[in-house]
> 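Let me begin by handing over the structure; questions about it come next.
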Amino acid sequence: MNTGWKSYAVGAAVVAGLLTATACGPNGSGGSEGAGEGKPSDRPSATSPTGPTSAPPSATGSAGPSATASAKPTGSGGGSGAVADCAVADLGVSAVKEPADSKESRHLLITVQNAGDASCNLHAYPYVRLGADARTTVPVIKDSDPDPGRPVTIAPGEEAYAALLVAGGKRDEYEARSITLTLQGRKPGTKAGKPVDVPMPVPTLYADDGQLVTYWTTAEGAALDFIMSK
């Protein structure tokens, strides 16, 4: 009886020792599985850094350039340096015979002087009428344009010129006791303001249907060259 009891006691001790070793061993199902599950959950996920990192560049990329573009001016406009068109109210207008001692009054030089306080532009050529009964304005000499398509700019105190051939030796002569001048507008064929009377160099002009006028220019000699040979 004593031998059997001892054998049972030894066997129980051995079994208890094995169970304890298994529970505490590194490959057991207890603490090792808990540690394995805890580690992955404690690491940052693959998408965590991507979200916060990619958001700022996206915001900066959209807000930065669009804000800069909207801050830039979108048009040049006229600006403070733009030159206005001349107004007859700011011009002194006169007409003289060329040459001054000529017995005839066939060749005239029309002069406008800028009496304003800012530069201004004259466009193309003046619309001139000789006499109150003139049926049309004086035709222009097309080749006399000094700079086609560009206005003539005159500063305060400066002058511009247009040469006027009163009679070209043709027919339908008539007496003219007045000269009126109208400025052209920026758009070809338009008028800028109302007609202005040009002081007569002589009481009466004898005009005919050969009358001609030149484009505006700042060189009086160049304007006269177009009419003095006619």
> Take a 6.0 Å sphere around CG of D147 and say whether it holds more than 12 heavy atoms from other residues, nucleotides or ligands.
yes

> Over all heavy atoms of both residues, which pair between F226 and T214 is shortest? Give the atoms and the distance, please.
CB-CG2, 3.9 Å

> Please answer whether the main-chain N or O of S102 pairs with a side-chain N or O of K97 as donor and acceptor at a distance below 3.5 Å.
yes

> Which distance, rounded to the nearest 0.5 Å, do you find between the CD1 of I154 and the SG of C120?
4.5 Å

> Just by distance, do the side chain of H107 and the backbone of P99 share a donor-acceptor pair under 3.5 Å?
no

> Could you tell me the separation between the CD atom of Q184 and the CG atom of D85, rounded to the nearest 0.5 Å?
11.0 Å

> Under the side-chain contact (heavy atoms from CB on, under 4.5 Å) rule, what do L212 and V140 come out as? Steps first, then yes or no, please.
CA-CA 6 Å; L212 294 168; V140 68; over 6 Å; no

> Check for me, please, whether V96 and L108 land in the same ILVMFWY cluster - side-chain distances under 4.5 Å, paths through other members count.
no

> Quick one: do V202 and E104 satisfy side-chain contact (heavy atoms from CB on, under 4.5 Å)? Show the steps, please.
CA-CA 10 Å; V202 294; E104 297 182 319; over 6 Å; no

> For R186 and T190, which heavy atoms make the closest approach, and how far apart are they?
N-OG1, 4.1 Å

> Measure the spacing between CG of D225 and OG of S144 and express it to the nearest 0.5 Å.
11.5 Å

> Please say yes or no: joined through hydrophobic side-chain contacts below 4.5 Å, possibly via intermediate residues, are Y125 and L91 part of one cluster?
yes

> Is there a side-chain contact between K191 and L183 in this structure, where contact means two heavy atoms from C-beta onward sitting under 4.5 Å apart?
no

> What pair of heavy atoms forms the shortest contact from L130 to A207, and how long is it?
CD1-CB, 4.1 Å

> Do V93 and Y161 sit in the same hydrophobic cluster, where Ile, Leu, Val, Met, Phe, Trp and Tyr count as joined when their side-chain heavy atoms come under 4.5 Å apart?
no

> Is there a path of hydrophobic side-chain contacts, each under 4.5 Å between heavy atoms of I, L, V, M, F, W or Y residues, that connects V83 with Y215?
no

> Taking all non-hydrogen atoms of both residues, which atom of S119 and which atom of N114 are closest, and how far apart?
CA-ND2, 3.9 Å

> Please check if the side chain of D90 supplies one atom and the backbone of A115 the other of a donor-acceptor pair under 3.5 Å.
no

> Please report the closest heavy-atom contact between A160 and V152, naming both atoms and the distance.
CB-CG1, 4.4 Å

> Same cluster for V138 and I110 if Ile/Leu/Val/Met/Phe/Trp/Tyr side chains link at under 4.5 Å?
yes

> Heavy-atom distance under 4.5 Å between the side chains of I179 and L205, does that happen here?
yes

> Measuring from E175:CD to T204:OG1, what's the distance to the nearest 0.5 Å?
5.5 Å

> So T182 and K194, do their side chains get closer than 4.5 Å, heavy atoms only?
no

> Would you check if E98 and L224 make a side-chain contact, meaning some heavy-atom pair closer than 4.5 Å?
yes

> Minimum heavy-atom separation for A132 and S178, please, with both atom names.
N-OG, 3.5 Å

> Okay, side chain of Q113, backbone of G157: is any donor-acceptor separation there less than 3.5 Å?
yes

> Between D208 and G168, is there a donor-acceptor pair closer than 3.5 Å when you use the side chain of the first and the backbone of the second?
yes

> Can a donor-acceptor pair be found between the side chains of N121 and T153 at a distance below 3.5 Å?
yes

> Has the side chain of R129 got a donor or acceptor atom that lies under 3.5 Å from a matching backbone atom of T180?
no

> Should we count CG of D209 as having more than 12 external heavy atoms under 6.0 Å?
yes

> For a 4.5 angstrom cut-off between non-hydrogen side-chain atoms, does Q211 reach V166?
no

> State, with a plain yes or no, whether a side-chain heavy atom of S105 is found less than 4.5 Å away from one of P201.
no

